[in-house]
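Note that ligands are numbered from 1 as they come in the structure, with each ligand's atoms numbered from 1 the same way.
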Amino acid sequence: MEKRVITFGTFDLFHVGHLRILERAATLGSHLIVGVSSDALNFSKKGRNPIYPENERMEIVKSLRCVNEVFLEESLELKGEYIKTYRADVLTMGHDWEGRFDGFRSLCEVVYFPRTQGISTTDIIAQVKTYE
Ligand code: CTP
């Protein structure tokens, strides 16, 4: 039987930490759905837009062999609705969110994965800024 896995993220300046979490997420089931957070949602959280616009971030994530479906995550408050709409059996997130999504255990399984050490979009932006 199909087992549907859902995860969320910005995936800006796509890097190997992103790839690894999506590959791990895919091992939890047979169909991986990724909610890519919108530019507006990122602006409301961080006060700036991602470097890559939402349509390009979605296009990159959708192209991965381990990803079956992508959609635009427009609000953090709608996670439960997205889980229901996309009929997810498993919600998976990085350890940076450990415990924060345990409330959804009534809707689906919740699995946290360790992050890849030493890389993040924020660090990449900071590093590039040091170059002349
Ligand atoms: N992720 C990961 N390992 C990393 C970076 C991210 O496993 N080194 C995971 C996060 O836990 C999340 C997903 O990738 O499940 C998307 O994370 P995102 O916030 O888009 O990436 P970051 O690089 O953490 O971005 P930022 O620095 O802007 O927070």
Side-chain angles (χ1 to χ4, degrees):
M1 213 187 79
E2 184 182 64
K3 190 168 179 188
R4 297 168 66 85
V5 182
I6 196 166
T7 192
F8 297 88
T10 306
F11 304 101
D12 191 23
L13 301 181
F14 196 89
H15 58 69
V16 75
H18 294 147
L19 179 62
R20 290 189 188 148
I21 195 109
L22 293 174
E23 284 181 335
R24 283 181 203 142
T27 66
L28 295 173
S30 53
H31 186 93
L32 178 59
I33 305 147
V34 184
V36 174
S37 58
S38 69
D39 293 339
L41 180 53
N42 279 279
F43 195 89
S44 70
K45 275 198 301 190
K46 298 189 179 175
R48 66 162 180 83
N49 279 320
I51 307 288
Y52 296 164
E54 60 196 23
N55 59 318
E56 293 181 10
R57 291 182 287 111
M58 289 175 80
E59 193 177 334
I60 290 166
V61 173
K62 176 73 178 70
S63 75
L64 298 170
R65 213 161 32 214
C66 59
V67 173
N68 299 98
E69 207 177 329
V70 298
F71 69 92
L72 196 63
E73 181 194 21
E74 306 220 50
S75 162
L76 296 177
E77 318 304 315
L78 291 176
K79 284 224 167 41
E81 295 308 312
Y82 293 133
I83 290 168
K84 288 185 219 158
T85 304
Y86 289 93
R87 293 177 288 110
D89 302 297
V90 189
L91 165 66
T92 182
M93 299 293 293
H95 260 174
D96 35 332
W97 298 96
E98 181 83 57
R100 299 263 294 275
F101 295 103
D102 290 359
F104 296 118
R105 290 195 198 275
S106 56
L107 292 177
C108 64
E109 208 181 311
V110 180
V111 177
Y112 301 97
F113 278 124
R115 283 170 69 89
T116 300
Q117 292 304 304
I119 191 161
S120 74
T121 300
T122 306
D123 288 351
I124 293 167
I125 293 171
Q127 195 181 339
V128 168
K129 280 185 177 165
T130 70
Y131 296 159
E132 302 257 311

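Within the 4.0 Å cut-off (strictly below), a protein heavy atom is located near atom 11 (O) of ligand 1.
Relative orientation of the His18 and His15 rings is parallel, given thresholds of 30° and 60° on the angle between their planes.
For ligand 1, the atoms lying closer than 4.0 Å to a non-hydrogen atom of Phe11 are 13 (C), 16 (C), 20 (O). Using a 4.0 Å cut-off to heavy atoms of Gly94, the atoms of ligand 1 that qualify are 11 (O), 15 (O). Each of the following atoms of ligand 1 lies closer than 4.0 Å to a heavy atom of Ser120: 23 (O), 27 (O). Near Ile119, meaning under 4.0 Å from one of its heavy atoms, ligand 1 places the atoms 4 (C), 5 (C), 8 (N). Atoms of ligand 1 lying under 4.0 Å from at least one heavy atom of Thr10, given by number and element, are 20 (O).
The nearest protein atom to atom 21 (O) of ligand 1, hydrogens excluded, is given as His18 NE2, 2.9 Å; this is a heavy-atom distance. Protein heavy atom closest to atom 14 (O) of ligand 1, with residue, atom name and distance, is Ile21 CG2, 3.5 Å. Arg115 NH2, 3.3 Å is the protein heavy atom nearest to atom 5 (C) of ligand 1.
Close N/O approach between Thr116 and ligand 1 is found [any backbone or side-chain N/O within under 3.5 Å]. Between Asp12 and ligand 1, no N or O atom pair is found at a separation short of 3.5 Å. Residue-to-ligand polar distances keep Gly9 apart from ligand 1: every N/O pair is separated by 3.5 Å or more. Looking at Trp97 next to ligand 1, no N or O pair under 3.5 Å apart turns up. Taking only nitrogen or oxygen atoms, main chain and side chain alike, Asp123 does not reach within less than 3.5 Å of ligand 1. For a threshold of 3.5 Å applied to N or O pairs, the pair formed by Gln117 and ligand 1 contains no separation below that value.
Looking at Thr122 against ligand 1, both its backbone and its side chain come within 4.0 Å, counting heavy atoms. Of the heavy atoms in Thr7, none comes closer than 4.0 Å to ligand 1. Contacts between His15 and ligand 1, counted as non-hydrogen atom pairs separated by less than 4.0 Å, involve the side chain only.
A donor-acceptor pair is defined here as one N or O able to donate and one able to accept, closer than 3.5 Å; no such pair exists between the side chain of Arg57 and the backbone of Asp12.
Cation-pi geometry between Lys79 and Phe8 is satisfied (NZ or CZ under 6.0 Å from the ring centre, within 45° of the ring normal).
Residues Glu54 and Asp39 share a closest heavy-atom pair of OE1-N, 2.9 Å.
Heavy atoms of Lys46 approach ligand 1 to within less than 4.0 angstrom.
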Could you give the side-chain donor-acceptor pairs of residues 123-130 under 3.5 Å, partners two or more places apart or in another chain?
| unit_1 | atom_1 | unit_2 | atom_2 | d |
| --- | --- | --- | --- | --- |
| Gln127 | NE2 | Tyr131 | OH | 3.0 |
| Thr130 | OG1 | Gln127 | O | 2.6 |

Could you walk me through whether Thr10 and Asn42 pass the side chain to side chain donor-acceptor pair (under 3.5 Å) test, one step at a time?
CA-CA 8 Å; Thr10 306; Asn42 279 279; 3.0 Å; yes
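Residues Asp96 and Met93 fail the side-chain proximity criterion, which asks for heavy atoms closer than 4.5 Å. The closest side-chain heavy-atom distance from Leu28 to Phe113 is below 4.5 Å. Side-chain contact between Phe71 and Ile6 is present, with at least one heavy-atom pair separated by less than 4.5 Å. Side-chain contact between Leu91 and Phe101 is present, with heavy atoms from C-beta onward closer than 4.5 Å.
Residue Cys108 forms a side-chain contact (heavy atoms from CB on, under 4.5 Å) with just one option from Asp89, Ile83, Thr92, and that option is Ile83.
Ion pairing of Glu23 with Arg65 is absent here, as no side-chain N (NZ or NE/NH1/NH2) approaches a carboxylate O to less than 4.0 Å.
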